[in-house]
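Heads up: the structure comes next, in structure tokens.
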Amino acid sequence: MSIDLSDPLLYRDFDPEPLWARLRAEHPVYRNERQNGEYFWAVMTHRLCTEMLTDPKVFSSENGMRLDSDPRVLAAAAGKMLNVTDPPRHDKIRKVVSSAFTPRMVDRLESNMRTTATRAIDEAIADGGCEFTRVAQKLPVSVICDMLGVPPEDWDFMVDRTRFAWSSTALDEADETRKVQAHTEILCYFQELAELRREEPQDDLMSALVHGEIDGVPLTDEEIFYNCDALVSGGNETTRHATVGGLLALIENPEQWHRLRTDPTVMPSAIQEIVRYTSPVMHALRTAREDVELGGQHIRAGDHVVAWLPSANRDEEVFTEPERFLIDRSPNRHLSFLQGNHYCIGSALAKLELTVMFEELVRRVEVAEKTGPVRRLRSNLLWGFDSLPVKLVPRA
């Protein structure tokens with residue numbers, strides 16, 4: 001086969017699922033040749049993805065976790081940013097970040113989630129029609145701001161800058177300048193917030209980072225800002241695309257929408273199925289530390305090995321009728337939050353965001369109707385959406 005899984009046009013213009021199914025059957029560890037002459041190994045099955053993701057001694061994260069990363073940024077962030085750090089330091093950084101998730105903080109986050117979701121949905125209903133990607137964006141950005149300690153009066157600033165700074169859509173050269181500028185403004189804001197929290201700590205993540213220590217040594221400014229950066233980028237677009245894809249799946253499967261509206265007990269399994277079915281993050285990259293065999297292929301030390309997560313989440317050996325969207329699916333051992341030491345630190349928060357959003361949707365909306373064409377992203381990282389125009393019909 002000569003398919004390049006890293007071609008972003010594949011996911012904007014085509015349905016990749018038949019291709020993934022063929023690769024699972026014929027090439028479960030597929031040597032993917034790229035146009036520039038480089039290659040990587042794409043791991044397509046649930047079992048083999050789990051094997052590589054849970055073995056950090058052989059498959060390292062310190063050379064990046066995604067294709068096409070800037071090598072200069074990786075060199076600076078390795079060992080400092082949670083995403084690109086291996087044990088044992090990874091576990092120590094993770095402990096500092098996790099310390100912020102106090103019961104009081106989680107209660108506050110949930111209360112503000114509910115307020116943000118209801119406002120966004122009510123505004124969309126009142127408008128008569130909406131671009132749902134914009135509606136879905138409001139909740140994750142507000143949650144991240146609240147978690148970091150950004151005051152509500154600055155949330156609109158963060159929403160606006162985040163829309164450009166971490167956009168997964170391919171940009172032209174002019175827009176790239178705006179993207180860099182937006183990212184710079186966010187990092188400058190983090191620096192100001194960090195200085196404030198050193199003097200006046202609060203019950204938020206920034207306070208936990210600026211007062212956190214590893215082996216008795218405070219985190220450096222680089223470590224603080226890199227990890228804020230990772231949390232904003234990781235928690236922003238992924239949850240947004242899961243929300244958009246989840247609503248689209250419910251529109252296309254009206255019997256599932258009816259079930260969700262009439263049986264609140266099915267909400268927990270519905271959220272897990274939305275995460276599996278939408279699989280917003282397409283791949284997770286590792287680098288082999290040594291020569292190793294995986295799925296019958298000889299992988300050399302230094303080779304990039306990439307778990308293709310939506311394919312694993314449609315593996316027929318693990319999921320019955322994986323192509324169907326079934327909100328009562330159980331068990332549901334999807335890999336959307338990864339596995340092993342890099343299991344998503346924000347997974348519980350992401351599931352809570354999705355729960356709040358879909359609880360408020362079924363409470364307020366009788367039916368959702370598409371009002372225009374659905375457009376997918378041009379991206380090889382996020383399996384997401386550029387556009388989902390809908391009309392939300394309110395409940396009587």
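- Using bins of under 30°, 30° to 60° and over 60° for the plane-to-plane angle, the ring pair H46/F319 lands in the perpendicular bin.
- Classification of the F337-Y343 ring pair by plane angle, with boundaries at 30° and 60°, yields perpendicular.
- Applying the 6.0 Å contact sphere to CD of E199 captures no more than 12 heavy atoms from other residues, nucleotides or ligands.
- Geometrically, R314 engages Y277 in a cation-pi contact defined by less than 6.0 Å to the ring centre and at most 45° from the axis.
- Surrounding NE2 of H211 are more than 12 heavy atoms belonging to other residues, nucleotides or ligands, all under 6.0 Å away.
- One finds the CD atom of E255 at 8.5 Å from the CD1 atom of I327 (value rounded to the nearest 0.5 Å).
- The side-chain hydrogen bond (donor to acceptor under 3.5 Å, both in side chains) test with S6 singles out one residue from H283, Q35, R34, and that residue is R34.
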Walk me through it: do F132 and F385 pass the test ring pair (Phe, Tyr, Trp, His ring centres under 6.0 Å)?
CA-CA 10 Å; F132 194 69; F385 300 86; over 10 Å; no
Residues V305, Q297; criterion side chain to side chain contact (heavy atoms under 4.5 Å, CB included); working and verdict:
CA-CA 11 Å; V305 187; Q297 297 284 3; over 6 Å; no
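- A salt bridge links E110 with R114: the distance from a Lys NZ or Arg NE/NH1/NH2 to an Asp or Glu carboxylate oxygen falls below 4.0 Å.
- A cation-pi arrangement, defined by a distance under 6.0 Å to the six-membered ring centre and an angle within 45 degrees of its axis, is present between R31 and Y39.
- Atom CZ of R47 has 12 or fewer neighbouring heavy atoms from other residues, nucleotides or ligands inside a 6.0 Å radius.
- Nearest heavy-atom pair, R289 versus A301, reported as atom, atom and distance to 0.1 Å: O-CB, 3.7 Å.
- The pair R24-E316 meets the salt-bridge criterion, with a side-chain N (NZ, NE, NH1 or NH2) lying under 4.0 Å from an Asp/Glu carboxylate O.
- More than 12 non-hydrogen atoms from other residues, nucleotides or ligands lie less than 6.0 angstrom from CZ of R198.
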